[in-house]
Novice: 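My structure is below; once you've seen it, I'll send some questions.
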Amino acid sequence: MKETRFGGHIKVDERDTMFSRMSLEVGSKEYNYYYDKNPDLKEFDDEIRLKPNLCSEGTATYNPILSKIADSNFNYITDIRKLSEGVPNPEITEIEPDYATHLFSELALHYGAVKVGIVELKDKFLYSHRGRHKESYGDEVHIDHKYGIVFAVEMQKDIINRAPQVASVMETSKAYIDAATIGMQLSYYLRELGYETRNHMDGYYLVHCVSMAYEAGLGEVGRNSLLATLEHGSRIRLGVVTTNLELIPS
């Protein structure tokens with residue numbers, strides 16, 4: 001990721017992320033395009049592709065019964081991502097920015113977040129291009145929303161400390177579901193009030209969550225490039241809901 005610790009941030013191309021690179025099908029148009037542009041990464045990436053996937057046989061995260069919990073969690077997230085966007089109610093309910101800020105911050109906490117903040121949606125927070133899914137691969141990212149509601153969900157310490165055993169993957173996948181669900185609840189409510197919104201969730205982000213969470217004051221960025229909070233360290237997962245509802249930044 002190309003950045004200078006969020007002071008002078010260079011937009012990230014989602015195609016450069018490891019998740020996007022590992023989703024490329026060998027020999028596909030997208031695969032050939034990417035490695036024609038980045039030939040220095042091809043050998044390294046192809047070596048990783050030969051390794052077993054998370055929760056598959058031959059890994060520390062494999063269990064013939066329990067690994068399917070994590071698999072089913074990620075399958076569920078894939079199925080619901082189409083709900084991240086929708087058409088708002090044509091009748092807009094007017095809300096004062098200070099009340100709206102308090103309301104959605106408290107709702108996020110009530111729904112299960114442990115930290116929440118509001119940030120102005122700046123262009124530097126957007127991915128430059130999409131890269132996770134074949135149907136949108138290479139599309140430029142544009143969002144007309146003005147603000148982001150950024151929140152964190154906690155992962156249980158005693159379970160995360162079992163890494164790399166399968167229990168830790170069960171917990172991280174659950175946290176992605178928790179963040180996605182909170183985002184869905186906020187997004188559906190915003191649409192009901194008549195406001196445009198999008199839930200940015202695992203595998204379906206258009207924004208760089210860590211950058212937004214840092215600017216919203218949720219924590220600091222560690223040497224692992226993850227957000228670290230005072231209360232939970234990096235034992236969190238982030239969610240973002242963007243909207244055109246007027247809010248007050250943290």
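Counting begins at 1 with the first residue of the sequence. Excluded from the calculations below are hydrogen atoms, water molecules and symmetry mates; all remaining heavy atoms, backbone and side chain alike, are included.
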Novice: Please name all residues satisfying ring-ring contact (aromatic ring centres under 6.0 Å, His included) with Tyr31, sequence neighbours left out, ordered by chain then number.
Specialist: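 Listed in chain order: Tyr35.
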Novice: Sequence neighbours left out, what passes salt bridge (Lys or Arg N to Asp or Glu O under 4.0 Å) with Asp123? Give chain and number order.
Specialist: Lys11
Novice: List the steps, then state whether side-chain contact (heavy atoms from CB on, under 4.5 Å) holds for Val150 with Cys209.
Specialist: CA-CA 8 Å; Val150 191; Cys209 299; 5.8 Å; no
Novice: What residues form a side-chain hydrogen bond (donor to acceptor under 3.5 Å, both in side chains) with Tyr34, not counting sequence neighbours?
Specialist: Asp16
Novice: Other hydrophobic cluster members with Ile248, side-chain heavy atoms of Ile/Leu/Val/Met/Phe/Trp/Tyr under 4.5 Å, chained?
Specialist: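 None; Ile248 is a cluster of one.
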Novice: Taking salt bridge (Lys or Arg N to Asp or Glu O under 4.0 Å) as the definition, give me every residue that meets it alongside Asp45, ordered by chain and number, with sequence neighbours left out.
Specialist: Arg21
Novice: Rounded to the nearest 0.5 Å, what separation is found between the OG atom of Ser225 and the NE2 atom of His208?
Specialist: 7.5 Å
Novice: Determine the minimum heavy-atom distance between Ala163 and Ser168, stating which atoms define it.
Specialist: CA-OG, 3.6 Å
Novice: Verify salt bridge (charged side-chain N to carboxylate O under 4.0 Å, His left out) between Lys157 and Glu171, making sure each step is shown before the conclusion.
Specialist: CA-CA 10 Å; Lys157 185 176 182 180; Glu171 181 67 6; over 6 Å; no
Novice: Can you list the residues that meet the salt bridge (Lys or Arg N to Asp or Glu O under 4.0 Å) rule with Arg15, with sequence neighbours excluded?
Specialist: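 So Arg15 forms a salt bridge (Lys or Arg N to Asp or Glu O under 4.0 Å) with Asp13.
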Novice: Looking only at heavy atoms, which two atoms of Ser20 and Arg132 are closest? And how far apart?
Specialist: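 The answer is OG-CD, 3.3 Å.
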Novice: Could you tell me the separation between the NE2 atom of His232 and the CD1 atom of Ile160, rounded to the nearest 0.5 Å?
Specialist: 12.5 Å
Novice: If two hydrophobic side chains count as joined below 4.5 Å and joins carry through other members, does Met155 share a cluster with Met201?
Specialist: no
Novice: Under 4.5 Å between any side-chain heavy atoms of Leu226 and Val221, yes or no?
Specialist: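 The answer is no, as the side chains (C-beta and beyond) never meet within the 4.5 Å cut-off.
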Novice: Please walk me through it: do Glu30 and Glu25 pass side-chain contact (heavy atoms from CB on, under 4.5 Å)?
Specialist: CA-CA 8 Å; Glu30 295 78 17; Glu25 182 182 347; over 6 Å; no
Novice: Give, for atom NE2 of His142 and atom CD of Glu140, the distance between the pair rounded to the nearest 0.5 Å.
Specialist: 4.5 Å
Novice: Heavy atoms only: give me the nearest Ile80-Ala180 pair and the separation to one decimal.
Specialist: CD1-CB, 4.3 Å
Novice: Which other residues end up in the same hydrophobic cluster as Ile182, if Ile, Leu, Val, Met, Phe, Trp and Tyr are linked when side-chain heavy atoms come under 4.5 Å apart?
Specialist: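 Via sub-4.5 Å side-chain contacts, Ile182 links to Ile92, Ile95, Tyr99, Leu103, Phe104, Leu107, Leu109, Tyr111, Val116, Ile118, Tyr147, Ile149, Phe151, Val153, Leu186, Tyr189, Leu190, Leu193, Tyr195, Val241, Leu245, Leu247.
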Novice: Which distance, rounded to the nearest 0.5 Å, do you find between the OG of Ser105 and the NE2 of His102?
Specialist: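 It is 8.0 Å, given to the nearest 0.5 Å.
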Novice: By salt bridge (Lys or Arg N to Asp or Glu O under 4.0 Å), which residues pair with Arg162, not counting sequence neighbours?
Specialist: none
Novice: What are the two closest non-hydrogen atoms of Thr61 and Pro164, and how far apart are they?
Specialist: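 Heavy atoms of Thr61 and Pro164 come nearest at CG2-O, 3.0 Å.
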Novice: Can Met170 and Leu66 be said to form a side-chain contact (heavy atoms from CB on, under 4.5 Å), step by step?
Specialist: CA-CA 8 Å; Met170 292 162 52; Leu66 299 181; 4.2 Å; yes
Novice: Could you please spell out the steps behind the salt bridge (charged side-chain N to carboxylate O under 4.0 Å, His left out) verdict for Glu215 and Lys122?
Specialist: CA-CA 11 Å; Glu215 187 147 325; Lys122 301 173 184 176; 2.4 Å; yes
Novice: Does the side chain of Leu121 come within less than 4.5 Å of Val119's, by heavy atoms?
Specialist: no
Novice: With Asp178, which residues qualify under side-chain hydrogen bond (donor to acceptor under 3.5 Å, both in side chains), at least two apart?
Specialist: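 With sequence neighbours excluded, Asp178 shows a side-chain hydrogen bond (donor to acceptor under 3.5 Å, both in side chains) to Lys174, given in chain and number order.
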Novice: What pairs of donor and acceptor atoms, side-chain ones from residues 70-79 against any protein atom, are under 3.5 angstrom apart with sequence neighbours left out?
Specialist:
residue	atom	partner	partner atom	Å
Ser72	OG	Lys68	O	3.1
Ser72	OG	Ile69	O	2.7
Asn73	ND2	Ser173	OG	2.9
Asn75	ND2	Asp71	O	3.2
Thr78	OG1	Phe74	O	3.1

Novice: Is it the case that the side chains of Thr59 and Ser56 hold a donor-acceptor pair, with the cut-off being a distance below 3.5 Å and no angle test?
Specialist: no
Novice: What residues form a side-chain hydrogen bond (donor to acceptor under 3.5 Å, both in side chains) with Tyr137, not counting sequence neighbours?
Specialist: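 Not a single residue meets the side-chain hydrogen bond (donor to acceptor under 3.5 Å, both in side chains) criterion with Tyr137.
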Novice: Let me know which of Glu196, Glu120, Glu246 forms a side-chain hydrogen bond (donor to acceptor under 3.5 Å, both in side chains) with Lys146.
Specialist: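 That would be Glu246; it is the only one of Glu196, Glu120, Glu246 passing the side-chain hydrogen bond (donor to acceptor under 3.5 Å, both in side chains) with Lys146.
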Novice: Identify the heavy atoms of Asn199 and Ser187 that sit nearest to each other, and give their distance.
Specialist: CB-OG, 3.4 Å
Novice: Using a strict 4.0 Å threshold on nitrogen-to-oxygen distance, state whether Arg235 and Glu154 make a salt bridge.
Specialist: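 Yes, Arg235 and Glu154 are salt-bridged.
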Novice: Please step through side-chain contact (heavy atoms from CB on, under 4.5 Å) for the pair Arg191 and Val87, ending with a clear verdict.
Specialist: CA-CA 7 Å; Arg191 289 199 288 267; Val87 179; over 6 Å; no
Novice: Mind jotting down which residue pairs meet the side-chain hydrogen bond (donor to acceptor under 3.5 Å, both in side chains) criterion with at least one end in residues 84-98? Sequence neighbours excluded, please.
Specialist: Glu85-Tyr204
Novice: Is it true that atom CD of Glu231 has more than 12 heavy atoms of other residues, nucleotides or ligands lying nearer than 6.0 Å?
Specialist: yes
Novice: Is Ile159 linked to Leu54 within one hydrophobic cluster, defined over Ile, Leu, Val, Met, Phe, Trp and Tyr using a side-chain heavy-atom separation of less than 4.5 Å?
Specialist: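 Unlinked, Ile159 and Leu54 end up in two clusters.
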Novice: Using every non-hydrogen atom in the two residues, find where His145 and Thr243 come nearest and quote the distance to one decimal.
Specialist: CB-O, 3.3 Å
